[in-house]
Every structure is written in C-alpha cells, then in structure tokens.
Engineer: 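Sharing a structure, written as structure tokens. Questions coming.
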Amino acid sequence: PYNIWFPSRFKYEGPVKKVLVHSAGNIQGMQVTIQDKKAGKSYSSSTEAHPTDYFGDYVFEFAECPEIEDGQFTVHVYGEGAIFINSITIVKREETPELPQGKCGDNLTYQLSYIPGETTLSEDMMSQIPAMKLTISGSGNMWDFDDEWSGSDNMVPWLPYRQNITVLDLPSGLKSVGNNAFSRMWNCEFPALPSGIERIGQSAFYNDYFGGDLVLPSGLLRIESNAFKAVNGATNVYIGPKVSVIQTGALNSMYFTDCYYVDKGNPTYSSEGNCVYEVATKTVIAGGKKSTIPTDAKCIGPRAFEGVHRATLDLPSTLLEIGMNAFYNCDITEIRIPDKVTSIGHSALSRCQKLLTVYVGKSMKSIGRTVFYDSSNILDISLACDPENLTWEKASSYDDESFGPNGKTTAHVRAEMLDRWVTKFAYLNLTFKGDLGDEIQPIEEEKRVDIAALKGQDLTNNTVDNV
C-alpha cells in the first residue's frame, strides 16, 4: 500500500459532501482521510477501485464532515506499479433550506416539510426535486389568493414549492378552500376532501390530479368558477345534496371523466343523462364522455362539454341556446343544431379538428365570434337560417381561419337566399351554394323509419314520411 500525504494545508467552508480523486494506475482500493488540525478531528471515506490505464474520478462520500478550518489530505492507495493522482476536488454539501410556515386563514396555518428519501419530477420534467408534504392545520375558512400571473403580492405562500408537494393533509375542520389554493400541483395525488367543506373557491384545484372517483364533500354548498377545471384522473364526479351554486367552468375540461352523479336529494341540480343538469332552467352545466343530453334540455351551458373526447352528441329538438365554448376541443365529427336554437356562443365549436359536417337550424339569430376557429376540416355547413336576421360576430384575423383554406368548406343555403349570404358574409371564407332543400333537413327521431326492417313487406297501405 501507498500512503500519499499532501503537505499543503487548506481551509474549506463546508460541509463536505464528497471528494473526487482524479487518478489512474493499477489501483485495487483507496481511502481518503481529511484531518482538521485545528479541531483535532479526522474524517475518512473509502471505495473500491479498478485497475485502469486512463484517468477517472474515484468518489468518496462524507456524511458528517463539517467545514474545515485547517485541513490536510492523506490518500491511502492499495495497488501495484505506478499510481497517478492528477487532482483532488471537494464538493460542498448544500444545506437544506428552511421551509416556510405561517397562516393561511384566520384560524388556519400551513407547514411544509420534506419527505425523507423521496423525490419527484420538476415542472419541466427534466430533473428530480425533493418531495414535500403540505399540512394545513386548524379550522374555518382559508384566505383567498390571487392568480400566479396577476403580479399581486397576495399569492399562495407555497407557490414556489408547488411541484415539490406530493402529499396534502387537510384538517377535518376546514370550511372553505380559498381561490387558487392548490392549483397546478401536478405531482400531488389529492386525498378525499373533508366532508365539512362548504365552499371551494375559484381555480382552487385547477389542473390537478384526482385518482379514481372524485367525491365532493357532503356539506358542500358552492363550487366557484374553474374550481376543478382541467382536473385529470377523475373517472366519475359525485355531487352532494346541498350544492346550490356551480359557477361557469367549475367542473369543465375534465377530459377523462365519464359521468357526473348528483345526489337525488339535491333540489337545484340533477344528473339526468349523467350530466350536471340545472333543473329550473333545463341547462346542461357539465357533461362527460358517457353523458347524454337530456331530451327536454333548453340550454347547453358555457364550457359544458369542453375538451370531452367523444365522437357523437345528439342535441334535442327542445334546445334554444348553446353557450360559449360549449363543445370546444371535442372529437365530434358531425353536429346538427336544432331549428329552435337562436344563439350559439363564441368559440362553441372551436378546435374541433375532427368536425366534418355542420347543420345550423332555421331560427339561428346570433353566432358568436370564432365559433369554428381552428375547426379547419369542416367540409360542409348547411345554413337553414335567414341571413337577414343573422348576426355573425366578426373577430378580426380569426375569421380567415374559421374554415379551411381557399374556401374548401361548402356552405349550403337556400337558393332564394344565396345572393344575400354571399353579400353579407363574404369574409367567412366559404364557398356558398344555393342547393339547400327540405330533403336534407334533420329528421325528428320519432319519424325515423328503419328501411332494413321494411324490406319484403307490403307497403301498399303504409305512409312512410322522412325515409
């Protein structure tokens, strides 16, 4: 064995995490000792080595080596022949930063803590970061916080650690979840929410992950705008008997949700068609992949089916209104807007890349801006309404992108109205044709006839309508 003593002294503001010895030769083992002459202490670490003709780093871990005031190295080498040491590098141990704690409500406090030995993915998914637990303690209402892009000083105090948080602990006495409280905590699989929560604020759980079914608290009264928007992982959503307010976007863009279920004792909402259905106004508030629109519905609410991945949606003849973003980014290939519908909100059918065929009924009076924006594969749109009574809101440069390039989308209109369509709506990048007749009107379901079932039958005394 060789004992290589380095006479030069050094000072190092540690603590020392590890030492790298850049060396080569027929080395079978190596040990590094750091002596602190002033403190009268020494620290050692050893490693196995392998013979090599090339230089490489041998790593020596130091778990309990503090800063060195008057240090000296000794390297013990086991080997044969010429041994080469090119350099010795000290790597500093980064001290664990103290995590914040404080108040998040008049009677609520928060505490962040490390989860020993656990890591999680960074926001850019390129590196591992320490995993943390966020504990909320106390009772009552949580304060509201501003959106992270607002530039406000009133942002949630654990925002810088949002991606570190993998465990959330909520107290049973929690009454209200504040605005923006836990939004975009992508690495946290959220627990069951305490049953006593009465209000869930704006964007409180925006873009989070809830595994399995999302069962909302039995005492919940209010779900505010975007509270659960874009939540992933929730197969079904269960809403209790006391919820009386569901604001726009509160339960929408939940891309993987199949059905919504509302407690039968709820007087305000029902789950007819496995939707969230406002009973008094007959409005669909939210729908999932397996929902069907109730046959007596009068309104499809804003964002009701936003981002829902499904190929078909049957709209009932009772429908009067379609809200903004109602079918935004859906997978539907065809939509037939019933004759009683008078308005369709902006962006209602935007980004429906699989949409090929559209029928707009006779009573349409108002079409919002960018209704078909980026739904650029539409081949045919039938417009049964009167252009003189129609307002189609123009939205600057987006209009040229509402339909496919070079007028590839054909707009079928009534022959007697063709000139008025071309004159009034030339900016829509459509190729107008005056070939719309009664024969392509949508058929009411109760009048449909199964041709296959009639084959071979005597139809002499039968009257068949709308075949």
Side-chain angles (χ1 to χ4, degrees), residues 170 174 177 182 189-201 203-316 318-319 323 325-327 330-332:
L170 299 175
L174 184 63
V177 179
F182 306 115
E189 186 168 345
F190 284 80
L193 302 177
S195 60
I197 293 176
E198 297 177 351
R199 167 192 173 255
I200 297 177
S203 301
F205 296 100
Y206 170 73
N207 203 197
D208 287 327
Y209 178 83
F210 284 82
D213 291 339
L214 172 56
V215 181
L216 299 181
S218 59
L220 190 62
L221 304 176
R222 293 176 57 88
I223 313 172
E224 298 185 359
S225 60
N226 301 326
F228 292 94
K229 183 180 178 181
V231 157
N232 292 307
T235 306
N236 299 295
V237 178
Y238 292 84
I239 299 168
K242 297 181 180 180
V243 175
S244 60
V245 175
I246 301 176
Q247 293 184 348
T248 299
L251 296 168
N252 305 118
S253 299
M254 299 175 72
Y255 310 115
F256 303 101
T257 298
D258 289 333
C259 300
Y260 293 85
Y261 299 100
V262 181
D263 190 280
K264 291 182 179 180
N266 191 310
T268 307
Y269 301 99
S270 75
S271 50
E272 188 172 348
N274 295 327
C275 299
V276 180
Y277 193 50
E278 191 172 51
V279 177
T281 62
K282 298 186 183 299
T283 298
V284 177
I285 303 298
K289 293 190 295 181
K290 296 182 179 180
S291 300
T292 58
I293 298 173
T295 56
D296 63 345
K298 292 184 177 180
C299 177
I300 308 296
R303 305 185 184 277
F305 287 90
E306 184 178 70
V308 175
H309 299 302
R310 56 184 300 164
T312 58
L313 272 172
D314 295 324
L315 306 185
T318 57
L319 204 61
N325 289 66
F327 305 109
C330 281
D331 287 342
I332 52 175

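Keep in mind it's a predicted model, so treat the numbers as computed, not measured.
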Engineer: Is a donor on one side and an acceptor on the other found under 3.5 Å between the side chain of T318 and the backbone of K298?
Structural biologist: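 No: the side chain of T318 does not pair with the backbone of K298.
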Engineer: Working to the nearest 0.5 angstrom, can you tell me the gap between I332 CD1 and F305 CZ?
Structural biologist: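 One gets 10.0 Å once the value is rounded to the nearest 0.5 Å.
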Engineer: In sequence, state the C-alpha distance, the side-chain angles, and the governing distance for L214 and F190, and then conclude on side-chain contact (heavy atoms from CB on, under 4.5 Å).
Structural biologist: CA-CA 10 Å; L214 172 56; F190 284 80; over 6 Å; no
Engineer: Give a yes or no on whether the backbone of S225 and the side-chain of Q247 come within a donor-acceptor separation of less than 3.5 Å.
Structural biologist: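 Such a contact is found between Q247 side chain and S225 backbone.
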Engineer: Distance check, rounded to the nearest 0.5 Å: E306 atom CD versus L251 atom CG?
Structural biologist: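 Going from CD on E306 over to CG on L251, the span is 12.5 Å.
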Engineer: To the nearest 0.5 Å, tell me how far C330 SG sits from N325 CG.
Structural biologist: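 Here the interatomic distance stands at 10.0 Å.
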Engineer: With a 4.5 Å cut-off on side-chain heavy atoms, are F182 and D208 touching?
Structural biologist: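 D208 vs F182: side chains touch.
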Engineer: Say you draw a straight line from CD1 of I200 to CD of E224; how long is it, rounded to the nearest 0.5 Å?
Structural biologist: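 So the gap between those two atoms works out to 9.5 Å.
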Engineer: Do D263 side-chain atoms and G265 backbone N/O form a donor-acceptor pair below 3.5 Å?
Structural biologist: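 Side chain of D263 to backbone of G265: a pair is present.
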Engineer: Would you compute the distance between atom OH of Y255 and atom NZ of K289 and round it to the nearest 0.5 angstrom?
Structural biologist: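 It comes to 13.0 Å.
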Engineer: Quick one: sort the F205 and F210 rings into parallel, tilted or perpendicular, breaks at 30° and 60°.
Structural biologist: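 Perpendicular, since the angle between the ring planes exceeds 60°.
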Engineer: Among D258, T257, N252, which residue satisfies the side chain to side chain contact (heavy atoms under 4.5 Å, CB included) criterion with M254?
Structural biologist: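 For M254, the side chain to side chain contact (heavy atoms under 4.5 Å, CB included) test succeeds with only one of D258, T257, N252, which is T257.
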Engineer: Identify the residue among V276, T268, V262 that makes a side chain to side chain contact (heavy atoms under 4.5 Å, CB included) with I246.
Structural biologist: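 Only match with I246 under side chain to side chain contact (heavy atoms under 4.5 Å, CB included): V276.
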